[in-house]
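Values reported hereafter were calculated over all heavy atoms of this structure, with side chains retained and with hydrogens, waters and symmetry mates removed. Owing to the predicted nature of the structure, the values given are computational and were not obtained by experimental measurement.
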Amino acid sequence: MQKFQLTTPILLVGFTRFETAQNVFDEIRKAKPRQFFLAVDGPREGRLDDIERCNKTKQIAAQVDWECEVHTLFQEKNLGCGVGTTRAINWMFEHVEEGIIFDDDCVPDQSFFRFCQELLEYYKDDPSVMHISGDNFQMGRKRGNASYYFSRYTHNWGWATWRRAWKHNDFEMLPPELRRHIWDKQWLKSVERMGGLAILPNVNLITNIGDGPGATHTEGDSPFLRLPVAPMPFPLVHPARIQRNARADWYTYRTMFGGTLYAYLLQKFLRTIPVGVKTKIKSVVR
């Protein structure tokens, strides 16, 4: 059997948590990508400790000891999670057509790299598929008979996409006061607006270790943190149809977001009607 070679570019987005970023990089190092992008946000104003910690994160680039094209984007001033992450992804796609993206606290199983690479190639010309995730939050429930299923949820604790999909991202759909801290909600809504789908694996390929000091959005008591990973079996089994798994999405909506059946069905209905009519309906039900 021919040994897997990772040719897909990798982006690691970091800030002050050089300890968790190191854990992510250690797995990237094993995979030995041919192109590695490291983006590090700048220190917050008045936080002298940020300067040292950001510098330690930047030093990860010097650890690349295999044949690899290294790109770095080091911000002088702090942009925040929203602007900083969005600019980092934009920057990567100025150079490449597709890529795998990690935050600094999302540690992959090694099979995640092959999973992404094969599916990036398999669906590269299919505009209906816009996102490939390594996350499975179904708590042991297998959805369908394939290696993965389709969802509306763009889980991003380790994910991949194409330039052709990311170009539809509308970061400015939220007001400026929210954009600094949020980028993933805009991506979810952008994929939804385009009628796109996300690929989610039937085994969990990523564990989020970001519940320690310096965490911005993750809470230590979340049942979705530090989930165990399992290797993805190969060869991949593809679903017979490109169709959203409604049962899996309902489970996610209920368990992750605390949604009710009424809200879920209303949300599903609203996605099928024109924007003008949707606005009127929302004004009535509020």
Side-chain angles (χ1 to χ4, degrees), residues 1-14 20-40 57-73 85 88-126 129-136 146-148 154-166 198-209 227-238:
M1 181 181 294
Q2 187 176 6
K3 184 179 179 181
F4 169 68
Q5 293 185 335
L6 179 62
T7 58
T8 305
I10 304 291
L11 168 64
L12 174 59
V13 182
T20 59
Q22 184 67 57
N23 287 328
V24 181
F25 178 76
D26 288 344
E27 295 302 320
I28 295 173
R29 191 179 199 172
K30 294 175 187 176
K32 294 181 170 55
R34 295 179 182 175
Q35 288 180 282
F36 175 60
F37 294 78
L38 176 65
V40 181
T57 305
K58 294 175 186 177
Q59 291 169 13
I60 284 176
Q63 297 181 37
V64 175
D65 56 1
W66 66 94
E67 186 175 347
C68 179
E69 184 179 312
V70 180
H71 304 261
T72 58
L73 178 65
T85 301
I89 299 171
N90 290 345
W91 164 68
M92 181 181 71
F93 283 125
E94 290 172 2
H95 298 274
V96 299
E97 292 288 337
E98 60 191 30
I100 299 171
I101 301 154
F102 294 102
D103 281 338
D104 59 7
D105 55 5
C106 301
V107 183
D109 179 82
Q110 279 296 301
S111 63
F112 171 69
F113 297 103
R114 181 177 173 184
F115 177 73
C116 287
Q117 183 160 294
E118 290 193 6
L119 292 177
L120 284 168
E121 174 64 23
Y122 194 80
Y123 291 106
K124 67 178 181 180
D125 297 321
D126 191 330
V129 182
M130 298 180 67
H131 182 101
I132 301 167
S133 175
D135 303 312
N136 181 288
S147 301
Y148 57 92
T154 52
H155 299 315
N156 51 59
W157 289 354
W159 61 289
T161 192
W162 303 261
R163 178 195 289 172
R164 57 102 173 145
W166 184 253
I199 287 173
L200 301 184
N202 257 320
V203 294
N204 186 47
L205 300 174
I206 303 287
T207 186
N208 188 305
I209 60 172
L227 287 176
V229 297
M232 172 62 69
F234 293 95
L236 293 178
V237 178
H238 301 289

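Between P33 and I28 the shortest side-chain heavy-atom distance falls below 4.5 Å. Here the side chains of L73 and F37 are not in contact, with every heavy-atom distance at 4.5 Å or above. In this structure the side chain of L12 reaches within 4.5 angstrom of the side chain of L38, judged on heavy atoms. The side-chain heavy atoms of I132 and F115, taken from C-beta on, include a pair separated by under 4.5 Å. Within the 4.5 Å cutoff, side-chain heavy atoms of L205 are placed close to those of S111. With contacts defined as side-chain heavy-atom distances shorter than 4.5 Å, the pair V237/S147 qualifies.
Rounding to the nearest 0.5 Å places CD1 of I101 at 10.0 Å from OG1 of T85. One distance of note links CD of E98 with CE of M92; it measures 9.5 Å at 0.5 Å rounding. One distance of note links CZ of F4 with CZ of F234; it measures 7.5 Å at 0.5 Å rounding. Note that NE2 of H71 and CD of E69 are 3.5 Å apart. Values are rounded to the nearest 0.5 Å. Taken from CD1 in I199 to CG in L119, the straight-line distance is 4.5 Å, to the nearest 0.5 Å. Remark: C116 SG to I10 CD1 distance equals 7.5 Å, nearest 0.5 Å.
Nearest approach of P201 to N136, heavy atoms of both residues: O-ND2, 2.6 Å. Nearest approach of G14 to T57, heavy atoms of both residues: CA-CG2, 4.2 Å. Shortest non-hydrogen contact noted between N204 and P228 is ND2-O, 3.1 Å. Counting all heavy atoms, side chain and backbone alike, V203 lies closest to A230 at CG2-O, 3.9 Å. Between P9 and V96 the shortest heavy-atom distance is CG-CG1, 3.7 Å.
Here the side chain of D104 pairs no donor or acceptor atom with the backbone of T20 at under 3.5 angstrom. Between the side chain of T161 and the main chain of M130, a donor-acceptor pair closer than 3.5 Å is present. Remark: side-chain polar atoms of W66 are not paired, donor with acceptor, to backbone N or O of R29 under 3.5 angstrom. Checking side-chain atoms of E67 against main-chain N and O of K32 turns up no donor-acceptor pair under 3.5 Å. Here the side chain of S133 pairs a donor or acceptor atom with the backbone of H155 at under 3.5 angstrom. No side-chain donor-acceptor contact under 3.5 Å links T8 to the backbone of G99.
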With side chain to side chain contact (heavy atoms under 4.5 Å, CB included) as the criterion, how do I206 and W159 come out once you've worked through the C-alpha distance, each side chain's angles and the decisive distance to 0.1 Å?
CA-CA 9 Å; I206 303 287; W159 61 289; over 6 Å; no

Output, in order, the C-alpha distance, side-chain angles, deciding distance and verdict of side chain to side chain contact (heavy atoms under 4.5 Å, CB included) for E27 and F112.
CA-CA 10 Å; E27 295 302 320; F112 171 69; over 6 Å; no

Hey, mind stepping through Q117 and L6 against side chain to side chain contact (heavy atoms under 4.5 Å, CB included) and telling me if it holds?
CA-CA 7 Å; Q117 183 160 294; L6 179 62; 3.3 Å; yes

Show, in sequence, the C-alpha distance, side-chain angles and deciding distance for W157 and D105, and conclude whether the side-chain hydrogen bond (donor to acceptor under 3.5 Å, both in side chains) test is met.
CA-CA 8 Å; W157 289 354; D105 55 5; 5.9 Å; no

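Take E118 and apply the salt bridge (Lys or Arg N to Asp or Glu O under 4.0 Å) test, not counting sequence neighbours, and it matches R114. For E97, the salt bridge (Lys or Arg N to Asp or Glu O under 4.0 Å) partners are R163, not counting sequence neighbours. Scanning for ring-ring contact (aromatic ring centres under 6.0 Å, His included) contacts around F36 gives F25, with sequence neighbours left out. For Y122, the ring-ring contact (aromatic ring centres under 6.0 Å, His included) criterion is met by H238, not counting sequence neighbours. Not counting sequence neighbours, K58 has no partner by the salt bridge (Lys or Arg N to Asp or Glu O under 4.0 Å) test. Partners of D135 according to the salt bridge (Lys or Arg N to Asp or Glu O under 4.0 Å) rule, which considers only residues two or more places apart in sequence or in another chain, do not exist here.
The 12-atom threshold is exceeded at CD of E94, counting heavy atoms of other residues, nucleotides or ligands nearer than 6.0 Å.
Taking the six-membered ring for Trp and thresholds of 30 and 60 degrees, Y148 and Y123 have ring planes more than 60 degrees apart, a perpendicular arrangement.
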